[in-house]
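To start, the structure itself, in structure tokens.
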Amino acid sequence: MEQTVEQKLDALVKLQVIDSKIDEIKKVRGDLPEEVRDIEDEIIGVETRIGKFNEDVKEFDNAISGYKIAIKDAEKLIKKYEEQQTNVRNNREFDAISKEVELQQLEIQLCDKKIKEAGFKIELKKKDVESTQLQLDTRKADLESKKGELDVIIAEGEGEIARLMKDRDVCAKNVDTRLFTSYTKLRNNYRNGLAVVIVKRDACGGCFNQVPPQRQAEIKDKKKIIVCEHCGRILAGVELIIVPEAPLKKGSALKEKELVKEA
Ligand SMILES: [Zn+2]
């Protein structure tokens, strides 16, 4: 059966009340879930950095092995040249071979220098790894404690949320499909999670902008769904103004009754 606008609004208000209660419980968790996520991201970043450092170290190690092979090759060549020098026919040949030997000796010196440099870089990288590992251990400990904290808070609220979610499921079934879609969108758009509000002191209960009297009258009528023209929230009603209990003069009982009637 088609719901009346009033029934649709009632269903929405009930849903909003339940969702706000759930929001309230989740609010107790504060920034903890975000903090936990941040630390998790940070740990992944630091682990990647350590991985990169270790790769760098491996590369330097490989380079050192390459230089060591080059030195051995040069030494072999020198040996070969020196043997050739014993069989030269003239000074020119001897000098030419001496030049080759010199070149190989220079090559060896260069490789030695590069090995030293790479060794130095490896030391630096290892120090980086050490300090980064220390940082990682600290952050992992932080993560454990924050997670523990969060787990406790979640466990405490879980039962209550589960109960509310059941109520919510029942309630959501009564909400008009299209309204439910806009409700969900609105809730996602606003940090306070309020999609359905009432007019309080002539203002939208969500964005506090003025709601003109004509519009308030339409809202009270509940003949159609009215949304705030500023924030788009669904305006489900107008706050009942409670007349302050002014000290009434004796014999003004009639006036008191009239006030009640007006409210
Ligand atoms: Zn508004």
Side-chain angles (χ1 to χ4, degrees), residues 1-38 41 150 153-154 156-246 256 258-263:
M1 206 181 75
E2 183 69 23
Q3 283 178 310
T4 64
V5 171
E6 190 165 358
Q7 286 170 329
K8 285 181 183 176
L9 284 172
D10 279 350
L12 266 182
V13 169
K14 274 184 193 151
L15 186 64
Q16 178 70 74
V17 168
I18 293 172
D19 277 339
S20 292
K21 276 185 194 163
I22 296 173
D23 289 347
E24 219 30 62
I25 295 169
K26 285 185 177 167
K27 218 157 87 187
V28 178
R29 298 174 187 173
D31 296 332
L32 261 180
E34 211 173 306
E35 276 176 48
V36 166
R37 265 198 306 276
D38 283 351
D41 287 348
L150 185 60
I153 293 171
I154 287 176
E156 279 169 1
E158 217 164 28
E160 182 67 1
I161 287 181
R163 199 182 60 73
L164 286 166
M165 284 306 277
K166 264 189 200 160
D167 290 351
R168 187 186 196 273
D169 287 344
V170 175
C171 198
K173 281 192 189 112
N174 287 324
V175 176
D176 176 87
T177 322
R178 268 170 57 197
L179 278 177
F180 187 76
T181 309
S182 1
Y183 172 84
T184 309
K185 259 190 213 158
L186 281 163
R187 253 178 72 74
N188 290 336
N189 280 350
Y190 293 112
R191 281 190 67 190
N192 63 7
L194 288 178
V196 182
V197 294
I198 61 169
V199 177
K200 282 181 184 173
R201 290 191 198 92
D202 297 330
C204 162
C207 69
F208 307 110
N209 277 299
Q210 289 288 310
V211 180
Q214 175 56 36
R215 230 170 152 65
Q216 289 190 40
E218 286 177 339
I219 295 162
K220 279 187 197 158
D221 261 359
K222 301 195 187 222
K223 290 282 180 285
K224 56 178 178 176
I225 304 286
I226 311 274
V227 300
C228 170
E229 53 190 339
H230 299 281
C231 67
R233 287 183 175 96
I234 298 158
L235 296 167
V238 178
E239 187 185 46
L240 193 74
I241 311 266
I242 298 153
V243 179
E245 274 182 51
E256 192 182 3
E258 274 171 359
L259 271 176
V260 171
K261 233 159 102 188
E262 268 172 22

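Excluded from the calculations below are hydrogen atoms, water molecules and symmetry mates; all remaining heavy atoms, backbone and side chain alike, are included. Starting from 1, each residue takes its place in the sequence as its number. Start at 1 and go down the list; that is how both ligands and their atoms are numbered.
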For the side chain of [X] and the backbone of [Y], is there at least one donor-acceptor N/O pair under 3.5 Å apart?
X	Y	value
Gln16	Gly193	yes
Tyr190	Cys231	yes
Lys222	Ala236	yes

* Would you say the side chain of Lys21 lies within less than 4.5 Å of the side chain of Ile25, judging by non-hydrogen atoms? -> no

* **Spacing of Asp176 atom CG and Leu9 atom CG [to the nearest 0.5 Å]** => 10.5 Å

* **Polar side chain donor-acceptor pair, Glu24 to Ser20, under 3.5 angstrom** =>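 Checked: Glu24/Ser20 side chains show no N/O donor-acceptor pair below 3.5 Å.
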
* Asked: Around the Zn ion (ligand 1), what protein N, O or S atoms are found below 2.8 Å?
  ->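 Sorted hits: Cys204 SG, Cys207 SG, Cys228 SG, Cys231 SG.
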
